[in-house]
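Only one structure is covered here, and it is reproduced in the block below.
Just so we're on the same page: letters track the sequence lines, and every chain starts at 1. Here the structure is a predicted model, which means the values were calculated and not measured. Values below: every heavy atom of this structure, side chains too, minus hydrogens, waters and symmetry copies.
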Protein chains: 2
Amino acid sequence: MKRTKSSVIPSSVVRRLTEYLAYAQTFGNENGDQWVSSREIAQALGLTSSTVRQDLSHIDFCGISKRGYHVKGLRAVLEDTLGANSVWRVAVVGAGNLGMAIAQNDEFRERGFHIIGVFDKDAAKVGRSVGPLKVQHVSAMPDFVSGEGIDIGIVAVPAAAAQGVADLLIASGVRGILNLSLSHIITPRRVQVVEARLTCSLLELSHRIKYARKENK
Amino acid sequence: MKRTKSSVIPSSVVRRLTEYLAYAQTFGNENGDQWVSSREIAQALGLTSSTVRQDLSHIDFCGISKRGYHVKGLRAVLEDTLGANSVWRVAVVGAGNLGMAIAQNDEFRERGFHIIGVFDKDAAKVGRSVGPLKVQHVSAMPDFVSGEGIDIGIVAVPAAAAQGVADLLIASGVRGILNLSLSHIITPRRVQVVEARLTCSLLELSHRIKYARKENK
DNA sequence: TAGATTGTTAATCGATTAACAATC
DNA sequence: TAGATTGTTAATCGATTAACAATC
């Protein structure tokens, strides 16, 4: 079928594409061509098959009538679309529990997010080992980010410090920020931000638990 | 003005309520009544004032013409609506980097999420200290969850194990699950799930960086 | 071939924004 | 009072779902 590769993919779709990729990756690398239908994907992820087909129409990949989508091909195109096969240079600011855990998490490296700098303003934390790295003082961050060509900054500092850290990262040339702090961060349009706040997710969950009975009947 | 307290708040609104709460909390506890307008909130969080007023119409709290919203009152009602002033009993399954970081993170306890059990299936990890707790073997989890009246399970295990762990948690009586694993989790309607996957957020960010130029002009 | 599944269009549904009377 | 800001209604916008011709 004909296909127009749309230039901009809506955020709601991009978020699901990351789930399709995770799903396609669960098939592993075994030999033998495997196929998956929009119905199967939908079932596994709690969506409708219509949504899946509509979403996949945004990427440069075609399914085949009666067979579905070739898993390996789908996975390759999703990896490309999402930048999952690129190597990204990442710095973490904030060496608290969360920052340290992220810096030590091998999963990110496996997926191309190479953490090559960890910073904190607390002198007591400076010098501590984080895998092969050592925590550096925040004052060294701007030179490091521009010198090392850091693409992504992960902000894992207290809310009150978040915007200041973000401003420094932006001034030093990062292209994207993952914000784990509780505070909303404002950036120029050229610098992308994704917010990922565990506390907010927990609050969303606690609200839903509290009112679940009313919703469900 | 008259107000109908709606029984179900849409997810999109709940997510923003958590941000309004974080914002209201930045005002601290100082004396002196402080007021904030929908315009100010909108500006701080990158929304329109219309969205803010519409969202706040879902909660049981009124602003006052020409003054705006009383910060303390707003905060109290949001805390109530979101269950942020409740105490939740939480268990973490998976004592890898991420699970351990979460279990040690004081911020959660401060916000009423009391982590009182940490589990892993790896014998080498069992017995390790996590603050005042010790990692227990997963086989002890069902009895612990039902015995201790755990409300929320946090799933921080590899994707392949996630659904199995979730099923155990559900069978043992949790009311909600925070899923940090890469795999989608299916639950009965009475058990709420919120997905919070850092890898997916990073992929969303990497896609946006990759295609930012095209979007912005 | 017949049946299953795609890609796409159109219909529905929900969320955001604009506008404005009410009012402090 | 006059002006600012609310709560709410209506309009717009976008996202999801249903339906179906195309086709492998």
Side-chain angles (χ1 to χ4, degrees), chain A residues 1-20 23-24 33-71 73-74 77-78 81 184 204 207-208 215, chain B residues 1-20 23-24 33-71 73-74 77-78 81 184 204 215:
Chain A
M1 279 227 161
K2 203 103 120 335
R3 176 66 61 94
T4 7
K5 190 179 161 191
S6 86
S7 48
V8 180
I9 306 178
S11 282
S12 55
V13 176
V14 172
R15 252 166 250 141
R16 282 192 301 268
L17 293 183
T18 65
E19 300 194 40
Y20 302 154
Y23 176 72
D33 289 338
Q34 299 192 56
W35 296 79
V36 70
S37 69
S38 56
R39 215 187 93 268
E40 289 171 292
I41 299 176
Q43 199 143 27
L45 303 181
L47 306 167
T48 68
S49 66
S50 231
T51 299
V52 174
R53 290 198 301 281
Q54 185 77 277
D55 286 348
L56 294 183
S57 76
H58 285 94
I59 64 172
D60 192 16
F61 183 73
C62 287
I64 292 178
S65 296
K66 204 183 163 176
R67 294 224 264 172
Y69 302 88
H70 187 237
V71 174
L74 177 62
V77 175
L78 284 173
T81 304
H184 179 79
E204 187 188 340
H207 169 81
R208 299 233 301 250
E215 283 179 45
Chain B
M1 279 227 162
K2 202 101 122 335
R3 175 67 61 93
T4 8
K5 190 180 162 188
S6 87
S7 49
V8 180
I9 306 179
S11 283
S12 54
V13 176
V14 173
R15 251 166 250 141
R16 282 192 302 268
L17 293 183
T18 65
E19 300 194 42
Y20 302 154
Y23 177 72
D33 289 338
Q34 299 192 56
W35 295 80
V36 70
S37 69
S38 57
R39 215 186 93 268
E40 288 172 292
I41 299 176
Q43 199 144 28
L45 303 180
L47 306 166
T48 68
S49 66
S50 229
T51 300
V52 174
R53 289 198 302 281
Q54 186 77 277
D55 287 348
L56 294 183
S57 76
H58 286 94
I59 65 173
D60 192 17
F61 183 73
C62 287
I64 292 180
S65 294
K66 205 183 162 175
R67 294 225 262 173
Y69 302 89
H70 187 236
V71 174
L74 177 62
V77 175
L78 283 172
T81 304
H184 179 80
E204 187 189 339
E215 283 179 47

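- Under 4.0 Å is where a charged nitrogen must lie from a carboxylate oxygen, and between B:Glu19 and B:Arg15 no such pair does.
- Side-chain contact between B:Thr81 and B:Ile9: present, with at least one pair of heavy atoms (C-beta onward) separated by less than 4.5 Å.
- Take the nearest nucleotide of DNA chain D for A:Val13 and for B:Arg53: the residue whose nucleotide is more 5' is B:Arg53.
- Comparing A:Lys66 and A:Thr48, the nucleotide of DNA chain D nearest to each residue sits closer to the 5' end for A:Thr48.
- Counting non-hydrogen atoms under 4.0 angstrom, A:Ser12 reaches the backbone sugars and phosphates but no base.
- With no hydrogens or angles considered, no side-chain donor-acceptor pair links B:Ser57 and B:Arg53 at under 3.5 Å.
- When both distances must be under 3.5 Å, the Watson-Crick or G-U wobble mate of D:dG3 is C:dC24.
- Listed nucleotides D:dA15, C:dT17, D:dT6 differ in distance to A:Pro10; the shortest reach to its side chain belongs to D:dA15.
- Between the P atom of D:dT16 and the CD atom of A:Gln54 lies a distance of 9 Å, rounded to the nearest Å.
- Here B:Ser38 lies in heavy-atom contact (under 4.0 Å) with sugar-phosphate atoms only.
- The distance between atom CG of B:Leu56 and atom C1' of D:dT6, rounded to the nearest whole Å, is 11 Å.
- C:dA18: Watson-Crick or G-U partner is D:dT9, with both key distances under 3.5 Å.
- When distances are taken from the side chain of A:Ser65 to each of D:dT8, C:dT9, D:dT23, the shortest belongs to D:dT23.
- Using a 4.5 Å cut-off on side-chain heavy atoms (C-beta onward), A:Tyr20 and A:Ile59 make no contact.
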